[in-house]
Amino acid sequence: MSVNLSAYFKNYFSENLRDKLIQATSGEDDNIAPSSRLLQKRREAMEVHNAMRLQKEDFDTTLRALRVRKDELHDKEEKMREYLQRFDNFLKDNEMKRCRAVRKAGRERELTHQKLNDLCVLQKEMKALTQERHHLEANMKKNAIYPNYLQKVVQASEQFQEARQVMSRYDTLMQTREDLVYTTQQNQDSTENARKQLNRYIEQSNDTLLDYNNTLAQLQSKLDHAREECMIWESRWAHIQNTAAKKTLLLGTIKMATLNLYQSVCKHSRETKEHQLTPEDTPRQLDKIQIFLTDLISIWEEVTRQDAAVTTHRHVFQ
């Protein structure tokens with residue numbers, strides 16, 4: 001409520017005093033009794049008092065409304081903070097669940113990949129055994145003519161007395177060959193397994209890096225959203241502070257105008273400093289100003305009445 005008390009009192013005095021001067025010079029109130037005039041002036045003073053009381057009540061109502069508004073804004077701010085905290089907890093829970101699901105899916109994918117590798121190894125072994133069986137069958141058919149040949153070898157050789165010794169020597173040589181083949185195969189398998197492990201590690205590292213990139217993008221999106229909300233709430237808070245500052249400045253202006261009027265009243269009434277009110281006691285200052293204005297209006301009416309009586313007396317003697 002923008003009220004300029006200085007302008008109000010200035011307008012009030014200019015209008016009322018001008019009316020009083022016009023009434024005094026016009027001579028229209030010569031026939032009105034002094035008691036009626038006094039009642040009229042008291043009625044006008046009462047109207048001024050009621051107007052000031054209404055303005056004071058309006059000011060108090062506005063001040064209470066501002067306080068209620070401030071409390072409501074504070075409650076809304078607390079509720080918004082609680083909502084943001086709950087929302088942050090909800091996002092954290094979802095992120096934890098997503099991470100657990102990603103880890104579980106990675107483990108299942110790795111297990112599936114391992115099973116597929118084992119299946120490939122078993123299929124290779126089965127194929128190798130099948131080929132070995134076919135090879136042995138072919139060799140058995142092919143080597144069916146060798147028993148006679150071995151007997152001839154034993155008869156021609158001085159080292160072996162029986163064909164069994166020849167076969168034993170052959171088995172020893174074949175076992176040595178198989179051991180060499182097995183060792184070579186193991187080395188090849190170890191190399192293949194190391195290569196597969198390296199490929200799995202590379203795939204796992206790529207998956208982990210992709211997960212980290214996705215998480216970073218989500219966190220960056222959340223950060224941008226939080227910054228936008230922070231800017232919005234900072235703008236609202238600045239608007240609230242500006243509004244409160246304007247209201248505070250208006251209240252200070254009203255109190256300063258009231259204090260200036262009260263100090264002027266104290267100078268004219270010659271009131272001692274011990275009886276003067278404190279600068280913060282604005283309501284009592286307004287009461288003092290009202291009493292002073294009432295007295296001033298009464299004095300002015302008395303002076304006007306005496307001037308009118310003197311003027312009338314001079315006209316009679318002339």
Side-chain angles (χ1 to χ4, degrees), residues 1-69 246-316:
M1 175 182 178
S2 60
V3 181
N4 193 336
L5 293 179
S6 299
Y8 170 76
F9 287 122
K10 184 177 179 181
N11 294 330
Y12 176 79
F13 279 118
S14 61
E15 293 177 0
N16 286 277
L17 292 178
R18 185 171 61 250
D19 294 339
K20 298 303 178 183
L21 291 175
I22 293 173
Q23 290 178 4
T25 54
S26 62
E28 293 178 356
D29 295 338
D30 293 341
N31 297 327
I32 299 176
S35 60
S36 300
R37 187 180 296 107
L38 180 60
L39 291 175
Q40 183 178 359
K41 299 306 178 183
R42 288 181 178 177
R43 207 166 35 248
E44 293 176 356
M46 185 61 67
E47 292 176 357
V48 173
H49 174 71
N50 291 332
M52 292 182 68
R53 181 175 56 79
L54 291 175
Q55 290 179 357
K56 180 181 177 183
E57 292 177 354
D58 194 5
F59 173 76
D60 293 338
T61 302
T62 304
L63 186 60
R64 286 193 299 269
L66 289 175
R67 290 174 180 172
V68 172
R69 181 60 179 170
K246 290 180 181 179
K247 298 298 182 179
T248 304
L249 180 61
L250 176 60
L251 178 61
T253 304
I254 294 173
K255 288 186 176 181
M256 184 61 68
T258 304
L259 180 60
N260 292 333
L261 289 174
Y262 175 70
Q263 290 177 352
S264 300
V265 169
C266 291
K267 289 179 181 179
H268 288 86
S269 63
R270 297 178 181 178
E271 187 175 358
T272 60
K273 293 184 178 180
E274 291 78 5
H275 295 86
Q276 290 183 3
L277 300 175
T278 59
E280 293 79 11
D281 196 358
T282 304
R284 295 183 63 187
Q285 291 176 5
L286 291 173
D287 294 336
K288 291 287 186 180
I289 293 171
Q290 181 182 358
I291 294 172
F292 177 77
L293 291 177
T294 303
D295 296 338
L296 183 62
I297 292 172
S298 299
I299 293 171
W300 178 258
E301 291 175 353
E302 184 64 24
V303 171
T304 303
R305 185 179 61 78
Q306 291 178 2
D307 290 342
V310 170
T311 303
T312 304
H313 183 71
R314 287 179 181 177
H315 283 301
V316 169

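Everything quoted here is computed from the prediction, not taken from an experiment.
Ile289 and Thr258 get closest at one heavy-atom pair: CD1-O, 3.6 Å.
Interatomic distance, OG1 of Thr61 versus CG of Leu66, reported as 11.0 Å (0.5 Å rounding). From Arg42, atom CZ reaches atom CG of Leu39 across 6.5 Å, with rounding to the nearest 0.5 Å. A distance of 14.5 Å separates CZ of Arg305 from CH2 of Trp300, quoted to the nearest 0.5 Å. The line from CG of Asp281 to CG of Leu286 is 9.5 Å long, rounded to the nearest 0.5 Å. Expressed to the nearest 0.5 Å, how far CG of Asp307 lies from CD of Glu302 amounts to 10.0 Å. From Gln285, atom CD reaches atom CD of Gln263 across 8.0 Å, with rounding to the nearest 0.5 Å.
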**Study point:** Asp58/Thr62 under side-chain contact (heavy atoms from CB on, under 4.5 Å): CA gap, chis, key distance, verdict
**Key:** CA-CA 6 Å; Asp58 194 5; Thr62 304; 3.8 Å; yes
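With hydrogens and angles disregarded, a donor-acceptor distance shorter than 3.5 Å links the side chain of Asn50 to the backbone of Met46.
Within a 6.0 Å radius of CZ in Arg53, more than 12 heavy atoms belonging to other residues, nucleotides or ligands are found.
Contact of the Tyr262 side chain with the Thr282 side chain is not registered, since no non-hydrogen atoms from C-beta on lie closer than 4.5 Å.
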